[in-house]
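A short worksheet on the structure shown next.
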Amino acid sequence: MDVVTGALNSLLSKLGYLLTGECQLQASVKDDVEFLKSELESMEAALLKISEAAPIDEPPDAQEKLWAREVRDLSYDVEDCIDNFTVRADLKAEKDLRGLRSFVNRGLELLKRAKFRHDIGAQIKHIKRRVNEVNERRVRYKVSSVASRSLGPTVNSLRLSALYKRATELIGTEEKSNNLIKRLMGGASESQLTVISIVGFGGLGKTTLAKMVYEKLIGRFDCGAFVCISLNPIMDKVFKTLLYQLDGDRYKNINGETWDEAQLIGELRSFLQYKRYFIVIDDIWNSSLWETIRHALIEHDNGSKIISTTRILEVAKKAGDVYQLEPLSLVDSEKLFYQRIFGTEHTCPPNHLAKISENILKKCGGIPLAIITIASMLANNRGKVVNTNEYWLKVYKSIGSGLEDNLDVKNMRRILLVSYYDLPPYLKTCVLYLSLYPEDFEISTEALISKWIGEEFVPKEMGKAVYEAGKGYVDELVNRSMIQPEDIDPDGTVISFRVHDMFLDLVNFLSNEEEFITTLYGQPLKFLPNKIRRLSLQTCTEEYGKLLSAMSLSHVRSLTVSEQAFHLLPSLSSFPFLRVLDLNGCGLVHNNYFKDICSLFHLRYLGLRRTSVTVIPEEIGNVKFLQVLDMSNTQIDELPSTFVRLQQLVYLHIDCLNRIPNGFGKNLKSLQEFVGDIFVGSPTMLHDLDGLAELRRVTFSFDKWDESYHKHFLRCLSTMISLEYLEIHGCNLDFGSQSDRLSLGCQQLRNIQIWDTAICSVPRWASSLSALSILCISLQTLREEDLQVLGSIPSLSHLELWVMETTQGRDKRLTTSNDCSFLCLENFKIWKAELAFAPGSMQMLHNLELSFGVGEALDQFGDFDFGLENLASLVDVSVEMNTVDTEPYEVSAAEAAIQNAVAMNPNKPKLTLEKLYREKHD
């Protein structure tokens, strides 16, 4: 069952805070708060229990869903009440006010606070009554003991009937099956046990492909079995099914046996000991389950083969050699589509349907299940609709909206829903947030995580950065094949991704059903929730203008507005409990409007990217709960003095800061992500950054450098004990011998980038950074000492060196040693390559990029001997040659030398060679 727990996670900790003496609640109110905390804890536990107990591949019970929605709605209202109390009540010690007027003001303030606490008490009593009503209603209708219902066909039967019932008709599967057979039956030794795991998005045809390969090959083996696992399997039943399929005569009565799991595993191993077997384990959902099955499949040299299928990449990697199943090409998609509608793949649609067909297939994205589902729906209505063109257009527009009610679409969603049901509750909430984005949109990981943080979807865990936890959520969704990475960093970080249209359709369907986000985006709404919690304004129409003016917006927690719809936005006073405000790209947002925003005291996330704001107002200090501020692509370059009051700020994105307020580092101790350049104009500015112990990333830009900067810079970095990413731009820097002090701090540094500047040498402290895996630096010259320091960095896997000047007087290339250096280096890029590779050096190096001047190499070294033949693990070599002032025969000699060295390499790496003509020192 899908359980989205609303605000329960964050709410329970807030209720706990209210119970502390700091809040000075009346005794009766405190009793009510304790009651609420206990009841809501029990409700959360009940929700999770229902989620775990219900069959994960079946639609949830209607009464259970109604009760879950009531609890979720209640949690939002309680959190609004608690946050309102926290915002308005001054829970900290009053400043020492002097004078008669100050005394009167303080007295009035105390009276106001006393009245407010009384009002809060009344609100909490009202909520207590609501909690009791929800509980009584659950007992009255016996939600927890609803009789089992008839659900029609199971997900497995739907999946199989949709896909491999007529597997031979699935276009493109034949070629893929032949490729898979080559991988399965080839290799170094056909007698070895081979395990291949097919991985891919739900509905991609993994089961179909495995079934086809199984049917083609089973005749070559002594025995075989094809067993579907799915979620929450009963392992005894799985093992009995395996035994029966392996030998139906011998194990015809196996279901009547009372053997335990260990006995069944022993029987399987005994049976398979001397047999050449072929087994397919279909639809595995976790690694521990695979390990249990793997114990039963004995390994020997009879040439047995195993195929597994899964939607989860990590499971596939642990199961065996990964076969990533790709979507159908456009050509094959068209063939399958037309075959299902017209009965033959060679039939083309009438001209008036051709463009619509193309658009439909684009949304289906090569996923066979989606193509078959939509095509079947269109085929079933042939001759039943008056206007075919209008009907097809309607179907096209419905894909991705989540609003289509057709039975075929519902069945397809049930198959895809299994992936969603398998998610932990915290990820379900994060997935529903994807419904904010339109189709084919490239979603920035950074922007999405910052919104999750603002919504408090990512809890603050001891010892773990909240942004890093959010990246873990994204990685998990990638691992489950739910989102598709678009741009990836060298360290594997997903920078951006897309959501497949079919999965987005599912997310939108769930979001509509759960009343999670209300989006005004150009299509007519079937209904509006009684309480809108999240509102997205994407389209400007007169109808929506009237709709907004009639809406009650007091419960809106999150508001996203496009530039086109900005003028429809009501007064910000209509949103008293707004926590997330996304005005990114709204050019009409100006400085005065920013002042109005600062009266939204509950704000956790504020997105003003690409707006017309040029100044951050002093009033920003009023938004004390702000955790995320995105001001990128604006003209902001300094912060007001009141900015240091934002002591809960976790994430700040401003392109370039020329000035920061005094005490920035001392006060903003929660800051973890600072995206943008800090332009350091004086040593004092570095002093103001001291104390950012939680900061994970920072970028410094210098226009000058002397001893006074050096001292403050080292001290500043030494206080950033959580720093993982350091980037430096600007003037030529000399870290000097004192920089060794840096080794006492910054032990979490994983990525260092030093560009637009040339340092004299690689700092010695780099070798003490055990976590450093990526290093990109510009050096004035490359020396033997630099190579020694670089080679001793224990975890270095990605290195980029830009050597600014050719070393004068050196007539021999520096040579990498073959000792214990560069042990983990996999990717190496070097410009002005004054380097040669000794035999046995850089044994893990897979990718090498060289850039050098042909004339310079000849003048200084007289040859092009880089020792490329000595890099035993090399896979890809990219060479860029600058041919300025070079004779053709010299260029030919350089090409021949590179090609010969690569050809001599035992690993036979791929060579990409490019010749450029550019001025020196370009």
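The residues of the chain are indexed from 1 along the displayed sequence. Since the model is a prediction, treat every value here as computed from it, not as a measurement.
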Report the C-alpha separation of V650 and V628 in whole Å, then their side-chain angles, then the decisive distance to 0.1 Å, and conclude whether the side-chain contact (heavy atoms from CB on, under 4.5 Å) test is met.
CA-CA 6 Å; V650 172; V628 176; 5.5 Å; no
Checking R533 against V556 for the side-chain contact (heavy atoms from CB on, under 4.5 Å) test, could you report, in this order, the C-alpha distance in whole Å, the side-chain angles of both residues, the deciding distance, and whether it holds?
CA-CA 4 Å; R533 302 294 181 178; V556 174; over 6 Å; no
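S496 and E442 form a side-chain donor-acceptor contact under 3.5 Å, judged by distance and modelled atom types alone. A donor-acceptor pair shorter than 3.5 Å can be found between the side chains of Y433 and E455. S773 and S795 share no side-chain donor-acceptor pair at under 3.5 Å. S701 and D677 form a side-chain donor-acceptor contact under 3.5 Å, judged by distance and modelled atom types alone. With hydrogens and angles left out, the side-chain atoms of Q753 and N751 include a donor and acceptor closer than 3.5 Å.
The minimum heavy-atom distance linking L772 with A766 is given by the pair CD2-O, 4.3 Å. Considering every non-hydrogen atom in both L583 and I597, the closest pair reads CD1-CD1, 4.0 Å. E446 approaches Y467 most closely through the heavy-atom pair CA-OH, 3.1 Å. Minimum interatomic distance between I620 and P640 (heavy atoms only, all atoms of both residues): CG2-CG, 3.9 Å.
Remark: aromatic rings of Y473 and Y426 are close, center separation under 6.0 Å.
No donor-acceptor pair under 3.5 Å is formed between the side chain of S558 and the backbone N or O of R534. Side chain of K451 to main chain of V580: no donor-acceptor pair is present (N/O by atom type, distance under 3.5 Å, no hydrogens or angles). Side-chain N or O atoms of T310 include one that pairs as donor or acceptor with a backbone N or O of I284 at under 3.5 Å. Within the 3.5 Å criterion, the main-chain N or O of V507 finds no donor-acceptor partner in the side chain of S511. Side-chain atoms of S797 never come within 3.5 Å of backbone atoms of E826 as a donor-acceptor pair (strictly under, hydrogens ignored). Between the side chain of D630 and the backbone N or O of S632, at least one donor-acceptor pair lies under 3.5 Å.
Using the six-membered ring where Trp is involved, H590 and Y593 have ring planes that are perpendicular, over 60° apart on the 30 and 60° scheme.
For the pair R697 and E468, the salt-bridge criterion is not met [side-chain N within less than 4.0 Å of a carboxylate O]. Using a cut-off of 4.0 Å between Lys/Arg side-chain N and Asp/Glu carboxylate O, D637 and R659 are scored as not salt-bridged. The pair R696-E673 does not meet the salt-bridge criterion, since no charged nitrogen lies less than 4.0 angstrom from a carboxylate oxygen.
Distance CG/N508 to OG1/T519: 7.0 Å, rounded to 0.5 Å. Atom CG of L328 sits about 4.5 Å away from atom OG of S333, to the nearest 0.5 Å. From T611, atom OG1 reaches atom CZ of F566 across 9.5 Å, with rounding to the nearest 0.5 Å. Taking CD of E724 as the reference point, atom CG of L749 lies at 8.5 Å (rounded to 0.5 Å). Remark: I483 CD1 to I443 CD1 distance equals 7.5 Å, nearest 0.5 Å. Note that CG of L578 and CG of L572 are 8.0 Å apart. Values are rounded to the nearest 0.5 Å.
Open room surrounds NZ on K318; 12 or fewer heavy atoms of other groups in view lie less than 6.0 Å from it. Sparse packing is recorded around NZ of K362, with 12 or fewer heavy atoms of other residues, nucleotides or ligands lying under 6.0 Å away.
Note that R557 lies outside the cation-pi zone of F577, set by a 6.0 Å cut-off to the ring centre and a 45° limit from the axis.
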